[in-house]
Amino acid sequence: MTRGTFISFEGIDGAGKSTHVASVAAFFRQAGRAVVLTREPGGTTLSEKLRELVLHEPMDALTEALLMFAARREHLVQVIEPALARGDVVLCDRFTDATFAYQGGGRGFDWQVLVQLERRVQALPDGSLRQPDLTVWFDLDPLIAAERLASARVPDKFESQPVDFFAAVRAGYARRQAEMPERFARIDAAQTREAVGADVARVVTPWLQRSAA
Ligand code: TYD
């Protein structure tokens, strides 16, 4: 059965992942692959509405976690699963690791509750759990990220958090990587943009070959 490839991109705000996500899309398309480039929270009409709420309205921590997973469920059912069934390459700017990092690490929300929500939301009909095949984690010191963000546009609810929050988010990503090391590729995002791009190309290339086979 043809099955696509699912790659997610993660990192604290200011780590610089977005430009590299676009390059990876171009890379796969040049190789003749059908690419679905999408993001979380978002990716469907309803999920984009939830994104607006969750990025701009103050809310209870459980509400925030539930809305992230609600947006994710729609995205999976409407976009990601159909694309993977077609054999496409799905490139997702953030996925569940962001919930563990931001709501779990950053907000201090109960990690095990997130594990339970993940099990429910990402369950496949055969009982297995949908996870990215590869997660590219742009890891960066929060102080460097804060310097980069200072010159950026108007911050949203998360971007305006203090450096300590991002240190906790970063620790959340590190914990996720430790729990599921096989699918994580950590990239040192403090390097030059070119060096980061080269590292990203190196970790995604095996998937180009695999998905083309
Ligand atoms: P981001 O992906 O950085 O998009 P943009 O480049 O447009 O700012 O913004 C999404 C924000 O949402 C980011 O601060 C992380 C946060 N977020 C969570 O807190 N939990 C999640 O599960 C996801 C997917 C994102």
Side-chain angles (χ1 to χ4, degrees), residues 3-25 27-28 35-41 43 65 68-69 72 75-76 80-81 83-84 88-107 109 111-119 121-124 128-142 144-145 158 165-191 193 195-211:
R3 195 188 150 279
T5 301
F6 183 17
I7 304 178
S8 65
F9 299 85
E10 298 284 357
I12 61 172
D13 290 277
K17 66 185 159 47
S18 298
T19 47
H20 298 290
V21 179
S23 305
V24 173
F27 180 65
F28 276 96
V35 172
V36 174
L37 180 55
T38 187
R39 69 171 181 181
E40 289 209 349
M68 292 296 182
F69 275 110
R72 179 160 305 127
H75 192 209
L76 272 168
I80 297 176
E81 291 303 330
L84 293 176
D88 293 358
V89 177
V90 175
L91 304 177
C92 198
D93 191 337
R94 301 191 184 282
F95 192 62
T96 304
D97 299 314
T99 312
F100 283 84
Y102 281 77
Q103 280 65 52
R107 296 263 194 250
F109 188 78
W111 196 270
Q112 291 314 319
V113 172
L114 297 180
V115 170
Q116 285 167 9
L117 290 169
E118 175 184 45
R119 280 201 193 124
V121 167
Q122 291 158 231
L124 293 174
S128 65
L129 200 63
R130 172 63 71 204
Q131 291 289 6
D133 296 304
L134 170 69
T135 296
V136 183
W137 172 30
F138 296 84
D139 187 28
L140 186 63
D141 185 319
I144 303 175
F158 295 103
F165 175 84
F166 289 107
V169 172
R170 186 188 197 192
Y173 278 125
R175 179 171 174 186
R176 273 297 264 189
Q177 182 186 31
E179 288 176 355
M180 304 172 180
E182 60 290 341
R183 72 175 164 84
F184 266 85
R186 180 190 164 278
I187 305 271
D188 176 5
Q191 303 174 94
R193 184 177 290 195
V196 171
D199 279 358
V200 173
R202 185 174 47 76
V203 300
V204 302
T205 297
W207 288 98
L208 180 71
Q209 283 145 8
R210 225 169 295 187
S211 49

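Along the sequence shown, the residues carry numbers beginning at 1. Here the structure is a predicted model, which means the values were calculated and not measured.
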pair [X]-[Y]: side-chain heavy atoms closer than 4.5 Å:
X      : Y      : answer
Phe138 : Ile12  : no
Val169 : Phe158 : no
Val204 : Phe28  : yes
Asp133 : Arg3   : yes
Trp137 : Arg176 : no
Thr38  : Cys92  : yes
Glu40  : Ser8   : no

message: I'd like to know if the side chain of Asp88 and the backbone of Val90 have a donor-acceptor N/O pair within less than 3.5 Å.
response: no

task: Please confirm whether the backbone N or O of Gly11 pairs with a side-chain atom of Arg170, one donor and one acceptor, at under 3.5 Å?
output: no

task: Answer with yes or no after comparing the ring centroid distance for Phe9 and His20 against a 6.0 Å cut-off, counting only values under it.
output: no

query: What orientation do Trp111 and Phe100 show, parallel under 30°, tilted 30 to 60°, or perpendicular over 60°?
result: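 Because their plane-to-plane angle is over 60°, the rings of Trp111 and Phe100 count as perpendicular.
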
Measuring from atom [atom1] of [X] to atom [atom2] of [Y], what distance do you get when rounded to the nearest 0.5 angstrom?
X      : Y      : atom1 : atom2 : answer
Asp139 : Tyr173 : CG    : OH    : 10.5 Å
Gln103 : Leu114 : CD    : CG    : 7.5 Å
Phe27  : Leu91  : CZ    : CG    : 11.0 Å
Glu182 : Gln131 : CD    : CD    : 9.0 Å
Ile80  : His75  : CD1   : NE2   : 4.0 Å
Leu117 : Thr96  : CG    : OG1   : 10.0 Å

- request: Could you pull out all residues at least two apart from Arg183 that satisfy side-chain hydrogen bond (donor to acceptor under 3.5 Å, both in side chains)?
  value: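 Residues passing side-chain hydrogen bond (donor to acceptor under 3.5 Å, both in side chains) with Arg183: Asp97, Thr135.
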
message: For Lys17 and Val200: C-alpha separation, side-chain torsions, deciding distance, then whether side-chain contact (heavy atoms from CB on, under 4.5 Å) applies.
response: CA-CA 10 Å; Lys17 66 185 159 47; Val200 173; over 6 Å; no

task: Test side-chain contact (heavy atoms from CB on, under 4.5 Å) on Glu179 and Phe184 and set out the steps.
output: CA-CA 10 Å; Glu179 288 176 355; Phe184 266 85; over 6 Å; no

Closest non-hydrogen atom pair between [X] and [Y], with its separation:
X      : Y      : value
Met68  : Pro41  : SD-CG, 3.9 Å
Ala189 : Ala15  : CB-O, 3.7 Å
Leu124 : Glu81  : CD2-OE2, 3.6 Å
Leu134 : Ala185 : CD1-CB, 4.0 Å
Ala83  : Val36  : CB-CG2, 3.8 Å
Val35  : Ala25  : CG2-O, 3.9 Å

- prompt: Ala123: what forms a side chain to side chain contact (heavy atoms under 4.5 Å, CB included) with it, not counting sequence neighbours?
  reply: none

message: Test side-chain contact (heavy atoms from CB on, under 4.5 Å) on Phe165 and Tyr102; report intermediate values, then the result.
response: CA-CA 8 Å; Phe165 175 84; Tyr102 281 77; 3.8 Å; yes

task: Quick one: do Arg72 and Thr99 satisfy side-chain contact (heavy atoms from CB on, under 4.5 Å)? Show the steps, please.
output: CA-CA 10 Å; Arg72 179 160 305 127; Thr99 312; 2.9 Å; yes

